[in-house]
Amino acid sequence: MLHQSLLLLHLLAAMAWMGGMFFAYFCLRPAAAEVLEPPRRLPLWVATFSRFLPFMAVAVLLLLGSGLAMLLPVGFRAAPPGWHAMFTLGLVMAAVFAYLYLLLLPRLRAFCDASAWPAAAQVLNRIRQLVALNLALGVLVVVAAVSAR
């Protein structure tokens, strides 16, 4: 029962994180760029990230914790290669997330507060690139999960 509960938490957290990144990258970003000028679009991103990223911080912790809790009883040596790939990629994704959340979001907020739109746009572009990277890594995690079964 514990394993099933950990797996459920793991999958729900992964769905929230990946789904949120997909929505932000492929739906919200182009729509915001289409209808809003930078002085309105950039604060929208600050407000969105300020709501979304704390939830994703919890999701990232749940993913790492539940993944490790399912890996440890099996042991690193006995775990399939796909599990090692998932764990390694998950750590990389978590580091990218931490950089985005702890360093880039405060910069974006500060530039928006100062109405420094070109600088804010540069930070938002870097965030966009990192979200694309994490989406690609997330797809590799899913491939590793499928190959581990």
Side-chain angles (χ1 to χ4, degrees), residues 1-36 40-113 120-149:
M1 183 68 177
L2 177 61
H3 180 78
Q4 287 87 353
S5 297
L6 288 170
L7 184 57
L8 176 62
L9 279 175
H10 197 76
L11 292 174
L12 290 173
M15 289 182 340
W17 194 12
M18 290 294 293
M21 288 190 297
F22 182 91
F23 171 77
Y25 195 88
F26 290 106
C27 301
L28 182 58
R29 185 177 72 80
E34 184 178 313
V35 300
L36 298 173
R40 297 180 80 72
R41 180 173 62 238
L42 292 161
L44 169 69
W45 279 109
V46 170
T48 300
F49 288 143
S50 294
R51 287 167 178 79
F52 176 68
L53 294 181
F55 286 114
M56 292 311 98
V58 173
V60 169
L61 292 173
L62 284 172
L63 275 164
L64 293 176
S66 61
L68 192 58
M70 290 185 287
L71 176 62
L72 287 177
V74 173
F76 282 93
R77 287 187 178 200
W83 290 18
H84 288 275
M86 282 189 285
F87 191 65
T88 302
L89 290 170
L91 289 174
V92 172
M93 290 177 71
V96 169
F97 171 81
Y99 175 71
L100 189 158
Y101 186 38
L102 300 173
L103 293 170
L104 294 183
L105 178 59
R107 286 184 194 160
L108 179 61
R109 183 179 290 116
F111 286 137
C112 285
D113 288 346
Q122 286 181 330
V123 174
L124 184 61
N125 187 54
R126 184 67 184 136
I127 290 172
R128 178 195 59 80
Q129 293 168 343
L130 293 173
V131 168
L133 171 64
N134 260 3
L135 272 170
L137 292 174
V139 169
L140 292 177
V141 169
V142 172
V143 170
V146 171
S147 70
R149 296 283 164 211

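What you see is a predicted model; the values in this text were computed from it and never measured.
- Aromatic ring orientation, H84 versus F76: tilted (interplanar angle from 30° to 60°).
- Taking CG of L9 as the reference point, atom CG of L61 lies at 12.5 Å (rounded to 0.5 Å).
- Here CG of L62 is found 11.5 Å from CH2 of W17. Values are rounded to the nearest 0.5 Å.
- Annotation for R109 and S50: closest pair NH2-OG, 2.7 Å, computed over non-hydrogen atoms.
- Residues F97 and A57 share a closest heavy-atom pair of CZ-N, 3.5 Å.
- Contact detail for L36 and R41: the closest heavy-atom pair is O-NH1, 2.6 Å.
- Closest of all the heavy-atom pairs between G20 and F52 is CA-CZ, 3.6 Å.
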Criterion side-chain contact (heavy atoms from CB on, under 4.5 Å) on H10 and M86, from CA distance to verdict: CA-CA 12 Å; H10 197 76; M86 282 189 285; 5.6 Å; no
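- The nearest pair of heavy atoms linking L6 to M70 is CB-CG, 3.8 Å.
- L100 CG to L53 CG: the interatomic distance, rounded to the nearest 0.5 Å, is 6.0 Å.
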How far apart are the C-alpha atoms of W45 and I127, what are their side-chain angles, what is the distance that settles it, and do they pass the side-chain contact (heavy atoms from CB on, under 4.5 Å) test? CA-CA 10 Å; W45 279 109; I127 290 172; over 6 Å; no
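- Shortest non-hydrogen contact noted between G82 and S147 is CA-OG, 4.4 Å.
- One finds the CG atom of N125 at 9.5 Å from the CG atom of L130 (value rounded to the nearest 0.5 Å).
- Residues V60 and Y101 fail the side-chain proximity criterion, which asks for heavy atoms closer than 4.5 Å.
- Rounding to the nearest 0.5 Å gives a distance of 8.0 Å between CD of Q122 and CZ of F111.
- Atom CZ of F49 is separated from atom CG of L44 by 9.5 Å, given to the nearest 0.5 angstrom.
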